[in-house]
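Step one of this worksheet: look at the structure below.
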Amino acid sequence: MAAELTAHQLIAQHRPTLDQALEAIRTRAYWSPHPEHPKAYGENGSLDAAAGKAAFDALLGSRLDLGQPGTDDWVGGETSPYGIELGVTYPHADVDTLLPAMRAGQRAWRDAGAEMRAVVCLEILKRISDRTHEFAHAVMHTSGQAFMMAFQAGGPHAQDRGLEAVAYAYVEQVRTPDNAEWTKPQGKRDPLALTKRFTPVPRGVALVIGCNTFPTWNGYPGLFASLATGNAVLVKPHPRAVLPLALTVQVAREVLAEAGFDPNLVALAAERAGEGIAKTLATRPEIRIIDYTGSTGFGDWLEANARQAQVYTEKAGVNTVLVESTDNYKGMLSNLAFSLSLYSGQMCTTPQNLLIPRDGIRTEDGPRSYDEVVADLAKSVGGLLGDDTRANGLLGAIVNPDVKARLEAAAGLGEVALASREIANPEFPDAVVRTPVIVKLDGAKPDDQAAFMNECFGPVSFAVAVDSAADAVALLRRTISSKGAMTVGAYTTSEEVEEAVQEACLEECAQLSLNLTGGVYVNQTAAFSDFHGSGGNPAANAALCDGAFVANRFRVVEIRKEA
């Protein structure tokens, strides 16, 4: 196919954005090229709200033909957590045919160079951004996120993370010059002179194993990091969240073809019900990079068994907030209530364990006992979610039956400080919507420790009574080192306690948020500035995004000859 997008066009359009992204990751200042507000869309080729909804509706019941080689069947079966059947079918691939086809285009993609690869990736992201409203509905009806969260987290925030990965990939690839003239003096003899050429070389085919809850936000960093460093990318979505990543693959294939590259550099691996192809794909010799978000069990299996691949995992952790003292008690409660409630706690960054001294905490209005703090937090959550319309907008829907089962079982683990209640969604009567449960546990009791020292993914939080701030820090250390944590929070007005918490997080390698009482929450991170995970504790072996996340997706091969 003749190229419709020339290198000159792509560089002229996207190089300024790439340069701004490079500056943002250098300064860590706020920046985003992707608008967060739905009303910002509808001009310059982007879909407005009505057009995006119409585009999504048109997908329902359709066959999404990507034009991939090796298609041997059509598969589907996604049901929205809001209760509607999507009815979309996708190509099922014969991987013995598809994988060789994907590798065929890598030479031209490698030879295109780091800048060309980057601007092609930015064109892909631009076209996805133009369809943000359509993607938002796709994310909403596969993840159970409420629409506004699906719009922001599944749209601009995911696109930011993809762009961030491209920027880091570019930096690492251009760190070494393309060419060098090397001359070594030899005294009275003629100097030794060599011409050297350095080429970033991709590892091979990369596999992205998608997750159910954040298909684009968690999928885009690995996808674009691998593609920008020259690798072909095979996308294996979660069976319950295929559509957002299938649309992504569709856009990527279109852009690659228009830019004169093989569209098979990006392909989809959808699976039949119960097929479980992730293990089969992960151990194929052609797969040289794996990005995975999901359970600890399968993440550990990948790290142990996919020996031929560079494996990047984001697994489960036990996120902890230490509450020792505060000078803004109401702000603290409000901030924590929102953090516990957002998307029904179905985020890898949602706090689970709240460590509170059994003798209580200090506030600007005097001391509050452990029981009072827990009761006040329960009241704050109840107030936040007291209006069902607001609650539906914050909670979304329970993503799968396993989360619902954990929520119901949690009430039997200890004294319930806040019971979960069922909320009706008038627009989607079949949606399963539940408010969070808060359970009081004792940090000194072995049975209680068995409950709170394991991840309970979903709208479940444990108010853990501890003997002192020092005991809380010690428990925090033990939790991070043994179970991992994607996020840690702390509330304290004590310099000594703050220093102890900081040192614990530095030594155990966990990202810390201190004294958040406003509109920033412990379970939210901003691309280009915040690191998501650290790669240094059991919750994840990589961070989104840093140099280590991209640098080992390629190697530099040197060719030298005498000048």
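- Between the side chain of Gln346 and the backbone N or O of Ala397, at least one donor-acceptor pair lies under 3.5 Å.
- Formation of a donor-acceptor pair under 3.5 Å by the Thr216 side chain with backbone atoms of Ala158 is not found in this model.
- In terms of modelled atom types and a separation under 3.5 Å, the side chain of Arg288 and the main chain of Gln308 share a donor-acceptor contact.
- Note on Glu422 versus Lys404: no salt bridge recorded, every NZ/NE/NH1/NH2 to OD/OE distance being 4.0 Å or above.
- Ion pair Lys315/Glu303 flagged as a salt bridge, since at least one NZ, NE, NH1 or NH2 atom sits closer than 4.0 Å to an Asp/Glu carboxylate oxygen.
- Close placement of the His137 and Phe147 rings is indicated, their centers lying within 6.0 Å of each other.
- The environment of CZ in Arg103 is sparse: at most 12 heavy-atom neighbours from other residues, nucleotides or ligands sit within 6.0 Å.
- Checking Leu86, Thr213, Thr79 one by one against Thr142, the side chain to side chain contact (heavy atoms under 4.5 Å, CB included) holds for a single residue, Leu86.
- Between the side chain of Glu123 and the backbone N or O of Val120, no donor-acceptor pair lies under 3.5 Å.
- Listed for the Glu78 side chain is a donor-acceptor partner under 3.5 Å among the backbone atoms of Val242.
- You'll find the ring centres of Tyr312 and Tyr292 outside the 6.0 Å limit.
- Under the 3.5 Å distance criterion, the side-chain polar atoms of Gln9 are matched with a main-chain donor or acceptor of Thr6.
- Salt bridge status for Asp402 with Arg406: absent, with no side-chain N to carboxylate O gap under 4.0 Å.
- Ion pairing between Lys53 and Glu134 fails under the 4.0 Å rule for side-chain N and carboxylate O.
- Between Asp291 and Arg553 there is a salt bridge, with a side-chain nitrogen of the basic residue lying less than 4.0 Å from a carboxylate oxygen of the acidic one.
- The ring of Phe151 has its center closer than 6.0 angstrom to the ring center of Tyr41.
- For the atom pair SG (Cys348) and CD (Glu455), the distance works out to 9.0 Å, reported to the nearest 0.5 Å.
- For the pair Glu85 (side chain) and Gly61 (backbone), a donor-acceptor distance under 3.5 Å is absent.
- In this structure a side-chain-to-backbone donor-acceptor pair under 3.5 Å is present from Asn541 to Thr313.
- No hydrogens or angles considered: nothing links the side chains of His157 and Gln524 as a donor-acceptor pair under 3.5 Å.
- Atoms OH and CG, on Tyr82 and Asn392 in that order, are 7.5 Å from each other to the nearest 0.5 Å.
- A donor-acceptor pair under 3.5 Å is formed between the side chain of His133 and the backbone N or O of Pro38.
- Under a 4.0 Å N-O distance rule, the pair Glu271/Lys236 qualifies as a salt bridge.
- Salt-bridge formation is detected for the pair Glu164/Arg161: a Lys NZ or Arg NE/NH1/NH2 atom is positioned less than 4.0 Å from an Asp or Glu carboxylate oxygen.
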